[in-house]
Amino acid sequence: MASSLPAFTVRRGEPVLVAPAEPTPREVKPLSDIDDGEGMRFYSSGIHLYRSNPAKAGQDPARVIREALARALVPYYPLAGRLREEAGRKLVVDCAGQGVMFAEAEADLTADDFGDVQSPPFPCFERFILESTTIAGVEPVVDRPLLYIQVTRLRCGGFIFGQRFCHCVVDAPGGMQFEKAICELACGAAAPSVAPAWGREMFMARRPPRPSYPHLEYRKPAGGHDRMLSTPPADMARVPFFFGPREIAGLRQRAPPGMRCSRFELVAAGIWRSRTAALGYAPDEEVRLSFIVNARGRPEIPLPEGFYGNAFAYSVAGGEGPLLGVTNYFSRAKNGKGEEGTVVPICLPKDAMEKFQLEVEGLTAEL
């Protein structure tokens with residue numbers, strides 16, 4: 001991974017609205033009770049780095065993607081709409097073909113300048129995405145475009161595709177499904193290989209709600225103020241941690257004798273323990289470890305093929321939203337030796353990061 005980039009300039013054109021390439025239904029579509037949760041009301045960002053393809057020489061990636069985007073918005077027309085808030089803060093999508101935001105840009109960099117980027121953080125991430133307007137430091141989602149895209153051309157002929165989705169309307173697999181549709185259309189397909197499906201009624205609560213047992217996971221944890229919820233972003237540090245064969249072996253040696261643990265369980269436990277120690281929680285405070293529960297692929301939840309809404313839930317209230325460091329994501333990666341492992345980008349207050357690193361080193365050292 002590149003630790004730094006040479007000095008460079010990004011020249012961004014004026015953002016424009018891209019509407020569906022053909023007329024689309026004019027209607028109002030309700031979001032599910034998962035979609036419009038408080039923890040979903042933010043924009044999720046992603047970056048894709050593409051190297052130069054000699055077979056595509058002479059083609060402008062920004063123009064090709066913009067045209068494919070307009071075509072993809074025909075079957076995915078709710079993404080071109082706007083959120084509207086109704087009684088009880090219930091969100092709906094006003095589908096009127098308003099369009100998504102799109103910007104072209106150029107950077108005097110090459111793909112090689114980024115090194116072997118396999119996992120977050122992406123160098124100078126914020127310069128390759130198109131931000132929406134904030135109000136008093138908060139990024140609203142109501143009556144705003146649901147998707148922001150920036151295509152940045154590189155000197156080598158490659159480009160960077162940066163996107164920001166409103167999490168109320170898509171989750172990560174849903175966003176990837178839409179991006180795949182853009183790619184297929186850009187490569188000459190007549191239509192996306194997977195037709196989108198709305199299907200949000202699958203995740204609507206009964207009216208009135210009838211919970212069948214107490215959900216203790218939604219009870220407020222015992223303890224005092226949590227500094228992770230109040231530390232300003234400027235005072236946070238982001239560092240990726242790699243867990244390869246040596247680190248896994250060290251963690252496994254510290255597991256209870258006879259206990260069978262997966263790699264995920266070992267890494268998750270090690271991060272939770274190190275993070276709790278680094279943040280200095282008091283002994284009587286409750287510090288929870290929770291996992292995202294995915295509904296996709298479960299026979300008891302027959303989601304329609306092509307569903308692109310939020311199909312997961314947190315086992316505790318809220319989730320990450322715009323709060324840095326509350327959620328950690330695991331990705332597969334290789335280190336400089338070519339060893340396969342798991343990389344976990346960690347975001348903590350700067351004064352806690354060194355302590356966290358020492359804790360991880362202590363847990364992963366072989367006995």
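Sequence positions, counted from 1, serve as the residue numbers for this chain. Side chains included, hydrogens not; waters and symmetry mates left out as well; all remaining heavy atoms used.
Taking all atoms of both residues into account, the shortest heavy-atom contact from Ile34 to Phe312 is CG2-O, 3.3 Å. When all heavy atoms are compared, the tightest approach of Ile271 to Phe356 is O-CE1, 3.8 Å. For the pair Ala295 and Ile301, the tightest heavy-atom approach, listed with the atom from each and the gap, is CB-CD1, 3.8 Å. Contact between Leu146 and Val169 at its shortest, heavy atoms only, is CD1-CG1, 3.9 Å. In terms of heavy-atom proximity, Arg71 sits nearest to Ala190 at NH2-O, 3.5 Å.
The ring-ring contact (aromatic ring centres under 6.0 Å, His included) contacts involving residues 10-35 comprise nothing, where partners must be two or more places apart or lie in separate chains.
The distance between the ring centers of Tyr148 and Tyr43 falls below 6.0 angstrom.
Judged as a side chain to side chain contact (heavy atoms under 4.5 Å, CB included), and not counting sequence neighbours, Ser212 has no contacts. Arg51 meets the side-chain hydrogen bond (donor to acceptor under 3.5 Å, both in side chains) test with Asp112; sequence neighbours excluded. For Arg210, the side chain to side chain contact (heavy atoms under 4.5 Å, CB included) partners are Arg206, not counting sequence neighbours. Listed by chain and residue number, Phe8, Val10, Cys124 satisfy the side chain to side chain contact (heavy atoms under 4.5 Å, CB included) test with Arg127 (two or more places apart in sequence, or in another chain). Residues satisfying the side chain to side chain contact (heavy atoms under 4.5 Å, CB included) criterion with Val92, sequence neighbours excluded, are Val28, Pro30, Arg84, Glu86.
No more than 12 heavy atoms of other residues, nucleotides or ligands lie within 6.0 Å of CD in Glu340, so this atom counts as exposed by the packing criterion. With a 6.0 Å radius and a threshold of 12 heavy atoms from other residues, nucleotides or ligands, Glu366 has its CD atom above the threshold.
The pair Glu85-Lys90 does not count as a salt bridge, with every side-chain nitrogen at least 4.0 angstrom from each carboxylate oxygen. Between Glu359 and Lys355 a salt bridge is recorded (basic side-chain N to carboxylate O distance below 4.0 Å). A salt bridge between Arg296 and Asp171 is present, with a side-chain N of the basic residue lying under 4.0 Å from a carboxylate O of the acidic one. Between Arg153 and Glu104 there is a salt bridge, since at least one side-chain N of the basic residue sits less than 4.0 Å from a carboxylate O of the acidic one. Between Asp33 and Arg207 there is a salt bridge, since at least one side-chain N of the basic residue sits less than 4.0 Å from a carboxylate O of the acidic one. A salt bridge between Asp36 and Arg89 is absent, with no side-chain N of the basic residue lying under 4.0 Å from a carboxylate O of the acidic one. With respect to Arg227 and Asp351, a salt bridge is recorded, a charged nitrogen being found less than 4.0 Å from a carboxylate O. Taking 4.0 Å as the cut-off between side-chain N and carboxylate O, Glu247 and Arg252 do not count as a salt-bridged pair.
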Start with the C-alpha distance between Glu22 and Tyr77, add both sets of side-chain angles, then the distance that settles side chain to side chain donor-acceptor pair (under 3.5 Å), and finish with yes or no.
-> CA-CA 10 Å; Glu22 301 173 12; Tyr77 65 90; over 6 Å; no

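Counted by atom type alone, Arg155 and Thr110 present zero donor-acceptor pairs between their side chains at under 3.5 Å.
Cation-pi geometry between Arg200 and Tyr308 is met: under 6.0 angstrom from the ring centre, within 45 degrees of the axis.
Linking ILVMFWY residues whenever their side-chain heavy atoms come closer than 4.5 Å, directly or via other members, leaves Val74 and Val170 in distinct clusters.
Without hydrogens or angle criteria, Gln253 side chain to Leu367 main chain gives a donor-acceptor distance under 3.5 Å.
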